[in-house]
Amino acid sequence: MKQFLLAAHMLLVSTVATLAETGPVQAILQEQGDLIVKSSRKTIGPAIEAVATSGLPEAQAVLQAWQVKNIWMRKSDGLFFLGERIDSKTYRLIDFDSGDTVGEYPKRALKNIKPNSGIRALIGTALVQFQLLDPDPDRRMEALDAIERAPDASLLAPLRNSIDGEGDAGIRARKMRIERLLTIAHGTGVDERVAAIEGMSTDLGVDVRAALNPLTRTRVMAFAGEIPDELNVARRLSPGSDDLPREEAYALLVATDLAPALVGRDAIREALVAGLEDNAAGGVQAGELGTDEARMRAYGMLAKAGTVPALVTDAEIDAALDAHVFAAVYAETSPAVTAAAESALARIANRVGLSQGADLALDALSLASIYFLAAIGLAITFGVMGVINMAHGEFIMMGAYTGYVVQQFIPHHAVSILVAVPLAFAVTFCAGVAMERLVIRWLYNRPLETLLATFGISIALQQLAKNIFGTQARPLTSPSWLDGAWVINDVISISHIRIAIFVLALIFLGIFLFIMHRTRLGLETRAVTQNRRMAAAMGIDPDRVNMLTFGLGSGIAGIAGVAIGLYAKVTSDLGADYIVQSFMTVVVGGVGNIWGTLLGATGIGFLQKGIEWFNPSNTLAAQTYMIIFIIVVFIQLRPQGIIPLKGRAAGD
């Protein structure tokens, strides 16, 4: 009797424990148990939906555990639990409903539910509705990312419900944008879809066009009578027109079983082979079937006998086409929606075109600022002094390498650039002064000898750079605040480095104008440029002025090298990439005029970008066409440049 009571008590305790472990969540898991254990991508949908739409507060925890393969089934009773690993052979099971630990079990007594990647993706989609209301902003952003990857109609309602309570302005704006995109594709009312389309008609995002394009997509359909009124017809089509060639129109009739199929050459040949009897087909001997006329005659006889399909004549094709109506029909059934989508796409296309033009202009302006920085030093040495310095590009290269060396000693990128700019000026200023004292001063008014001498120095400096730094490109890293780009919209953007170079070009324009018009060196330089002998008679030392002017031009080239090195490869050939453009800038603008140099750089930048726009795959071709244009227009027709030099020097 005592043993019976003990057994009954144990049974009662076991029953109570089992009931405690079968709460609402467990009940749903048990109901979907077969699907969960099977874990098939094709059949798991109802199980995930049952948990996600249960309305239970524990649903999110269950889905999250399921997604990370942390659900375990106890083999003894088939119940599902959250598992915590104790060691390699033992797991602690936690009840989903109560959160209580139900015991520790050996791994062999459990089965781990391991969803594959496809199932995990479905679970992730189901989790989105919970993540949209998560207190963690990062989790809400992850939910929006998931919606953008897989915009499903079922996510529209939870997304709308999460907007009013969203406290973060940025996340709220993104939720509203995605909500409009989902409404365009999956909204239930025509008015709300049209309103969403009109609200996005000024948005240049690629995802907006991706949402609108399917609404304007059409397919060609053929009808035996009048076109049904319920169809949203884009336009009627006439067989034989450019929109619907005759062959395609008849092929559509054949595909929709509205006309008999055409019999091709291969089909005729196969039919004749199959119809051979007594070495003849259709009354024509096999030896005579070598011509098209004989094969067609034989096939016609077989068709009359009813053994093969009859040939379709041109007259029958024309009759079939005349007897049917063809139209391009929208996949979208609502005319209001398609009209709104087409209008929005037209407005977006116009705005994209304008934005592309603005983006091209910004690129051209950026390139012009780079050319101006590279040429401003040459505008002094060549434009003012009349010295053809083929080594000017190497001063740019020296400035870039100076920036690289500074960064080896000062790892803080912002500080290193601030140090590198004046140091590059000092290094290249000294190099320019040394070059002027040792070589250039002996070659004034001898342009050919100057060109050859500076070209030889250019080659020597390139080889020296290779010997010191090697042939591998060296990095010149920009400060973190120059990373990224200024994004105006999805079409227009410009990197912060390009903006910094543009600002730097304006700064040096101002500095150069101040030096030339407000300093003694500038006034003396202008005097020597206009009349060397008269300046000497007034007590100005022309040799000293030439030395300092050449050093100034070389120093500015060094600073340009630091700026250019922030986005271009720093190699011994860096200067060679800009020497031609620098000379062209000075020649086009007008020798000896800084404003001409500015206009020349702007013109060349816009010209090159314009040519590249017509031939974007070949930048070298664009530069070649640009050089040819400059040779023809400026060197042949207007050699004095855009702004010609005035005064006595103009006649030299």
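These values consider heavy atoms only, across backbone and side chains, with no hydrogens, waters or symmetry-generated copies.
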J.: Ignoring hydrogens and angles, tell me if any N or O in the side chain of His413 forms a donor-acceptor pair with the backbone of Thr477 under 3.5 Å.
T.: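 A pair under 3.5 Å: no.
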J.: Under the criterion side-chain contact (heavy atoms from CB on, under 4.5 Å), I'd like the reasoning laid out for Ile370 against Phe502: C-alpha separation, chi angles, the key distance, then a yes or no.
T.: CA-CA 7 Å; Ile370 294 170; Phe502 176 74; over 6 Å; no
J.: Donor-acceptor pair, His186 side chain versus Leu155 backbone, under 3.5 Å?
T.: no
J.: Taking all non-hydrogen atoms of both residues into account, name the closest pair between Ala563 and Ile501 and its distance.
T.: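 Heavy atoms only, the tightest pair is O-CD1, 3.6 Å.
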J.: Given 3.5 Å as the limit, does a donor-acceptor pair link the side chain of Thr454 with the main chain of Met390, or not?
T.: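 Such a contact is found between Thr454 side chain and Met390 backbone.
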J.: Could you pull out the closest heavy-atom pair between Leu598 and Leu509, with the gap in Å?
T.: CD2-CD2, 3.8 Å
J.: Strictly by modelled atom types, are Tyr444 and Glu436 linked by a side-chain donor-acceptor pair under 3.5 Å?
T.: yes
J.: State whether Glu179 and Lys175 are salt-bridged, where the test is any N-O pair (Lys NZ or Arg NE/NH1/NH2 against Asp/Glu carboxylate O) under 4.0 Å.
T.: no
J.: I'd like to check Asn546 versus Arg441 (side-chain heavy atoms, cut-off strictly below 4.5 Å). Are they in contact?
T.: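 No, side chains not in contact.
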J.: Heavy atoms only: give me the nearest Gly403-Ala420 pair and the separation to one decimal.
T.: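 Nearest heavy atoms, Gly403 then Ala420: CA-CB, 3.7 Å.
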J.: Checking His392 side chain against Ala374 main chain: does a donor-acceptor pair fall under 3.5 Å?
T.: yes
J.: Using a strict 4.0 Å threshold on nitrogen-to-oxygen distance, state whether Asp168 and Arg140 make a salt bridge.
T.: no
J.: Take atom NE2 in His412; do more than 12 heavy atoms of anything else shown fall under 6.0 Å from it?
T.: no
J.: Is any side-chain heavy atom of Phe583 closer than 4.5 Å to one of Ile579?
T.: yes
J.: With heavy-atom distances below 4.5 Å as the criterion, would you say the side chains of Leu476 and Gln407 are in contact?
T.: yes
J.: Check residues 550-562 and write down every donor-acceptor pair under 3.5 Å in which the side-chain atom is one partner and the other belongs to a residue at least two apart or another chain.
T.:
| unit_1 | atom_1 | unit_2 | atom_2 | d |
| --- | --- | --- | --- | --- |
| Ser554 | OG | Phe550 | O | 2.9 |

J.: Is it the case that Arg351 and Ser355 place a side-chain donor and acceptor less than 3.5 Å from each other?
T.: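 The answer is no; no qualifying pair exists.
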J.: Less than 4.0 Å between a side-chain N and a carboxylate O, is that true for Arg180 and Asp203?
T.: no
J.: Name the orientation class of the two ring planes belonging to Phe469 and Tyr404 (parallel below 30°, tilted from 30 to 60°, perpendicular beyond 60°).
T.: perpendicular
J.: Say you draw a straight line from CG of Leu373 to CG of Leu504; how long is it, rounded to the nearest 0.5 Å?
T.: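 Reported value, rounded in 0.5 Å steps: 5.0 Å.
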J.: Compute whether any side-chain donor of one residue and acceptor of the other, for Glu394 and Gln462, lie under 3.5 angstrom apart.
T.: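 The criterion, which ignores hydrogens and geometry beyond distance, is satisfied for Gln462 and Glu394.
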J.: Under 3.5 Å, side chain of Ser343 to main-chain N/O of Ala340, donor-acceptor pair present?
T.: no
J.: Start with the C-alpha gap between Glu524 and Thr549, add the side-chain angles, then the distance that decides, and say whether side-chain contact (heavy atoms from CB on, under 4.5 Å) holds.
T.: CA-CA 10 Å; Glu524 291 178 346; Thr549 303; over 6 Å; no
J.: Inspect the surroundings of CZ in Arg544 and state if more than 12 heavy atoms from other residues, nucleotides or ligands are less than 6.0 Å away.
T.: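 Counting other residues, nucleotides and ligands, CZ of Arg544 stays at 12 neighbours or fewer.
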J.: Against Thr183, only a single residue in Arg193, Glu192, Arg160 fulfils side chain to side chain donor-acceptor pair (under 3.5 Å); can you say which?
T.: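 It is Arg160; the other options fail the test.
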J.: Measure across Ser572 and Ala465 and return the closest heavy-atom pair with its distance rounded to 0.1 Å.
T.: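 Heavy-atom minimum between the residues: CB-CB, 3.9 Å.
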J.: Report yes if some heavy atom in the side chain of Asp483 is under 4.5 Å from a heavy atom in the side chain of Ser478; otherwise report no.
T.: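 Touching, per the 4.5 Å side-chain cut-off.
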J.: With rounding to the nearest 0.5 angstrom, report the CD1 to CZ distance, Ile376 to Phe508.
T.: 7.5 Å
J.: How far apart are the closest heavy atoms of Leu212 and Ala344, and which atoms are they?
T.: CD1-CB, 3.9 Å
J.: Begin from the C-alpha positions of Leu159 and Leu144 and carry the test side-chain contact (heavy atoms from CB on, under 4.5 Å) through to its verdict.
T.: CA-CA 9 Å; Leu159 177 59; Leu144 296 178; 4.0 Å; yes
J.: So how far is it from Leu607 CG to Leu367 CG, rounded to the nearest 0.5 Å?
T.: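 Going from CG on Leu607 over to CG on Leu367, the span is 10.5 Å.
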J.: Tell me the closest heavy-atom pair linking Ser201 and Ile348, and the distance in Å.
T.: O-CG1, 3.2 Å
J.: Would a distance-only check, ignoring hydrogens and angles, find a side-chain to backbone donor-acceptor pair under 3.5 Å from Arg437 to Met547?
T.: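 Side chain of Arg437 to backbone of Met547: no pair is present.
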J.: With rounding to the nearest 0.5 angstrom, report the CD to CD1 distance, Glu449 to Ile440.
T.: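 So the CD of Glu449 and the CD1 of Ile440 are separated by 11.5 Å.
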J.: Quick one, Trp613 and Gln356 - any side-chain contact, counting heavy atoms below 4.5 Å?
T.: no
J.: As an exercise, state the distance from NE2 of His496 to CH2 of Trp486, rounded to the nearest 0.5 Å.
T.: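 One gets 9.0 Å once the value is rounded to the nearest 0.5 Å.
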J.: Measuring from atom OG of Ser162 to atom CZ of Arg172, what distance do you get when rounded to the nearest 0.5 angstrom?
T.: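 Interatomic distance, Ser162 OG to Arg172 CZ, rounded to 0.5 Å: 9.5 Å.
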J.: Quick one: do Asp145 and Arg174 make a salt bridge, cutoff under 4.0 Å?
T.: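 Result for this pair is yes, salt bridge flagged.
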J.: Quick check on Gln472: does its CD atom have over 12 non-hydrogen neighbours (other residues, nucleotides or ligands) under 6.0 Å away?
T.: no
J.: Less than 4.5 Å apart, side chain to side chain, heavy atoms only: is that true for Phe372 and Thr585?
T.: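 No, their side chains stay 4.5 Å or more apart.
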J.: Could you check if a side-chain atom of Glu612 sits within less than 4.5 angstrom of a side-chain atom of Leu360, using non-hydrogen atoms only?
T.: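 Side chain of Glu612 against side chain of Leu360, heavy atoms only: no contact under 4.5 Å found.
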J.: Any sub-3.5 Å donor-acceptor pair from Thr450's side-chain atoms to Leu443's backbone N or O?
T.: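 Yes, because the side chain of Thr450 sits within donor-acceptor range (under 3.5 Å) of the backbone of Leu443.
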J.: Indicate yes or no: at least one non-hydrogen side-chain atom of Glu148 is less than 4.5 angstrom from one of Leu181.
T.: no
J.: Apply the test side-chain contact (heavy atoms from CB on, under 4.5 Å) to residues Ile388 and Leu448: give CA-CA distance (whole Å), side-chain angles for both, the deciding distance (0.1 Å), then the verdict.
T.: CA-CA 9 Å; Ile388 302 176; Leu448 179 59; over 6 Å; no
